[in-house]
Asker: 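Take this structure first; my questions come after.
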Amino acid sequence: MSRACFLSRSVSQGEHIMVNEPDFTESKVGKTDFTLEVSIIIPVYREAEGITAVVERVGQVMDGLDRNYEIIVVDDGSDDETAKKAKEAGARVISHPYNIGNGAAIKTGIREAHGETLVMLDGDGQHAPEDIPRLLEKMDAYDMAVGARTGDSETSFHRTMANRIYNWFATYMCKRRIEDLTSGFRAVKAEIARQFVSLLPNTFSYPTTLTMAVVRSGYSLAYVPIKTTRRVGKSKIKLIRDGSRFFLIIIKIATLFSPMRVFLPVSTTMFLVGISYGLFKIFVLRGRYGPTSAMLMTVAVVVFMVGLVSEQVAQLRFDRVEPHADRTEFQKSSGE
C-alpha cells in the first residue's frame with residue numbers, strides 16, 4: 001500500500017504548504033470511501049542532515065503495512081534546507097514562520113493530521129521507524145502506545161538517570177508504573193490527542209504532558225521496548241533548563257487531574273512538622289507550645305481544604321462525557 005498522494009498549492013510570498021489529496025484509486029478493496037488510517041508526525045528543527053533518511057525509512061516501513069497513511073513533517077522555523085529535503089523525500093511539509101518549539105510543532109501536526117491514529121517520532125534519527133508496526137499493533141487494544149527505551153539504548157548517563165527520576169515521580173503521581181515518561185516515540189488515537197492538545201506545552205515537555213494526561217484521564221497505555229541510537233547532529237535539550245521544566249510539568253498535570261496527590265503530602269508534612277515541633281518545645285525545651293507550631297498546623301489544614309476543593313474542580317472535567325449508548329437507548333425507550 002503506497003502513501004496518499006499530495007497536492008501543493010501556493011500561498012502568499014511564494015510559500016508552499018502540502019495539502020492532503022487522497023488517491024481514491026489506492027483505497028482498499030471493498031471500501032467505498034477513502035479512509036486515512038495513520039498519520040506519522042515528525043517535528044524537525046535544523047535537521048537537514050538526516051531528515052531525508054528518516055522520511056524514506058518511514059515510507060518503506062509503512063509501504064509494507066496494509067494501511068493508508070500520510071507522513072507529516074512540521075518544520076519549526078529551520079533556517080537550513082530541512083523543509084526542502086523533507087518535501088523532496090515525499091513528506092507533507094508544514095512550516096512555522098519562526099522557531100516556536102518542539103511541542104508547538106507536534107500540536108500543529110495533531111491539528112493538521114487526517115489519520116485515525118497518530119504516530120509521533122523525532123526527526124533526528126534516534127527512533128527506528130522499523131518499530132512503528134509494533135506500536136500500531138497495540139492500538140487495537142490500547143488508546144496510546146509508547147516506545148520505552150531499554151537499557152542498551154545509546155543515551156548519555158546523566159539523561160538516563162534523570163529519566164529514572166522522572167519515571168519514579170510520574171509513577172507516584174499516576175498510581176501506575178510509567179516506564180518512559182519523556183519518550184517522544186508513540187502512537188495515540190487522534191481523537192484523544194486532540195482532546196489534550198491545548199494542554200501540551202510548546203517545548204520538549206509535550207511527551208510528559210501527554211502521557212500523564214492520558215493516564216490520569218483513565219485511558220489505556222501500553223509500552224513497547226525500543227532501542228534508540230545516537231541522534232544525527234547536536235541535541236537541543238538542555239539538562240538544567242528542560243529538566244526543571246519536566247518536573248514543573250509533572251506537578252502541573254498532577255494538580256490538574258489529581259490534585260490530592262500533591263496537596264495531601266504537603267499538608268501532611270506541614271502538620272507533622274508543626275505538631276512535632278510543638279511537642280519538642282514542651283517536653284524537651286520545657287517551654288510553651290508556641291505560635292510557630294500552631295501556624296504550621298493551621299496552614300496544613302488550609303492546604304488540605306484547598307486540595308479538596310481542587311479535587312472537586314478536577315472531577316468536573318470527567319463529568320463532561322458523552323452519554324453511553326445503553327443510556328441513550330434507555331432514554332429513547334422511556335420517551336425522554
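Computed over heavy atoms, backbone and side chain alike; hydrogens, waters and symmetry mates excluded. Since this is a predicted model, take the numbers as computed values, not measurements.
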Asker: For G147, does its backbone N or O pair with a side-chain atom of S183 as donor and acceptor, under 3.5 Å?
Answerer: yes

Asker: Quick one: CD1 on I72 to CZ on R92, what's the gap to the nearest 0.5 Å?
Answerer: 4.5 Å

Asker: Can you establish whether the number of heavy atoms outside K189 located under 6.0 Å from its atom NZ is more than 12?
Answerer: yes

Asker: For L200 versus K107, what's the shortest heavy-atom pair and its separation?
Answerer: O-NZ, 3.0 Å

Asker: Nearest heavy-atom pair of A86 and I51: which atoms, and what distance?
Answerer: CB-CG1, 3.9 Å

Asker: For the residue pair V73 and A91, what are the closest heavy atoms and their distance?
Answerer: CG2-CB, 3.6 Å

Asker: Indicate yes or no for a side-chain donor-acceptor contact from S39 to the backbone of A113 under 3.5 Å, with no hydrogens or angles considered.
Answerer: no

Asker: Counting C-beta onward and ignoring hydrogens, is there a side-chain heavy-atom pair between T268 and F304 closer than 4.5 Å?
Answerer: no

Asker: Considering all heavy atoms of both residues, which atom of E311 and which atom of P259 are nearest to each other, and what is their separation?
Answerer: OE1-CD, 3.2 Å

Asker: Assess whether atom NZ of K281 is packed by more than 12 heavy atoms of other residues, nucleotides or ligands within 6.0 Å.
Answerer: yes

Asker: With a 4.5 Å heavy-atom cut-off, do P43 and D76 have their side chains touching?
Answerer: no

Asker: Look only at the side chain of T117 and the backbone of V38, and say whether a donor-acceptor pair between them is shorter than 3.5 Å.
Answerer: no

Asker: Could you check whether any side-chain N or O of S78 sits under 3.5 Å from a backbone N or O of R46, counting only pairs where one atom can act as donor and the other as acceptor?
Answerer: yes

Asker: Are I275 and L264 linked, directly or through intermediate hydrophobic residues, by side-chain heavy-atom contacts shorter than 4.5 Å (ILVMFWY only)?
Answerer: no

Asker: Verify the neighbour count for atom OH of Y142: are there more than 12 heavy atoms of other residues, nucleotides or ligands below 6.0 Å?
Answerer: no

Asker: Please identify each residue that fulfils side-chain hydrogen bond (donor to acceptor under 3.5 Å, both in side chains) with T82, with sequence neighbours left out.
Answerer: D80

Asker: Taking the side chain from N68 and the backbone from E37, do they hold a donor-acceptor pair closer than 3.5 Å?
Answerer: no

Asker: With hydrophobic residues grouped by side-chain heavy-atom distances under 4.5 Å, do L199 and I192 end up in a single group?
Answerer: yes

Asker: Decide yes or no for V55 and E88: does some side-chain heavy atom of the first lie under 4.5 Å from some side-chain heavy atom of the second?
Answerer: no

Asker: Would you compute the distance between atom CG of D131 and atom CG of L121 and round it to the nearest 0.5 angstrom?
Answerer: 10.0 Å

Asker: Using 0.5 Å steps for rounding, measure from the CD1 atom of I40 to the CG atom of L118.
Answerer: 9.5 Å

Asker: Any side-chain heavy-atom pair from T208 and Y166 closer than 4.5 angstrom?
Answerer: no

Asker: Once rounded to the nearest 0.5 Å, what's the spacing between atom CE of M297 and atom OG1 of T292?
Answerer: 13.0 Å

Asker: Should the ring pair H127 and F185 be called parallel, tilted or perpendicular, given that the plane angle runs from 0 to 90° and is split at 30 and 60?
Answerer: parallel

Asker: Side chains of R186 and T211: any donor to acceptor distance under 3.5 Å?
Answerer: yes

Asker: Tell me whether R176 at atom CZ has more than 12 heavy atoms from other residues, nucleotides or ligands lying less than 6.0 Å away.
Answerer: yes

Asker: Let's go through M212 and I178 carefully: what are the C-alpha distance in whole Å and the side-chain angles of both, what is the deciding distance for side chain to side chain contact (heavy atoms under 4.5 Å, CB included) to 0.1 Å, and is it a yes or a no?
Answerer: CA-CA 9 Å; M212 295 193 66; I178 302 298; over 6 Å; no

Asker: Just wondering, do R261 and K175 contact through their side chains at under 4.5 Å, heavy atoms?
Answerer: yes

Asker: Would the distance check show the side chain of D124 and the main-chain N or O of Q126 forming a donor-acceptor pair, the cut-off being under 3.5 Å?
Answerer: yes

Asker: Can you find a pair of side-chain heavy atoms, one from F196 and one from T209, that are under 4.5 Å apart?
Answerer: no

Asker: Over all heavy atoms of both residues, which pair between A300 and S267 is shortest? Give the atoms and the distance, please.
Answerer: O-OG, 2.6 Å

Asker: May I ask whether V266 and F169 are part of the same hydrophobic cluster, defined by side-chain heavy atoms of I, L, V, M, F, W, Y residues being less than 4.5 angstrom apart, directly or through others?
Answerer: no

Asker: Should V54 and I42 count as side-chain neighbours, where that means a heavy-atom distance under 4.5 Å?
Answerer: yes

Asker: Taking atom types as modelled, is there a side-chain donor on T228 or R149 under 3.5 Å from an acceptor on the other?
Answerer: no

Asker: Are any non-hydrogen side-chain atoms of Y223 and L221 less than 4.5 angstrom apart?
Answerer: yes

Asker: What's the spacing between I132 CD1 and R57 CZ if we round to 0.5 Å?
Answerer: 9.5 Å

Asker: Are L65 and V224 connected in the hydrophobic side-chain network, where two residues link if heavy atoms are under 4.5 Å apart?
Answerer: yes

Asker: Looking at A148 and E179, what are the two nearest heavy atoms and their distance?
Answerer: CB-OE1, 4.0 Å

Asker: To the nearest 0.5 angstrom, please state how far the NZ atom of K85 sits from the CD atom of E47.
Answerer: 11.5 Å

Asker: If hydrophobic clusters are built from ILVMFWY residues whose side chains come within less than 4.5 Å, do F283 and Y289 share one?
Answerer: yes

Asker: Any sub-3.5 Å donor-acceptor pair from E70's side-chain atoms to H114's backbone N or O?
Answerer: yes

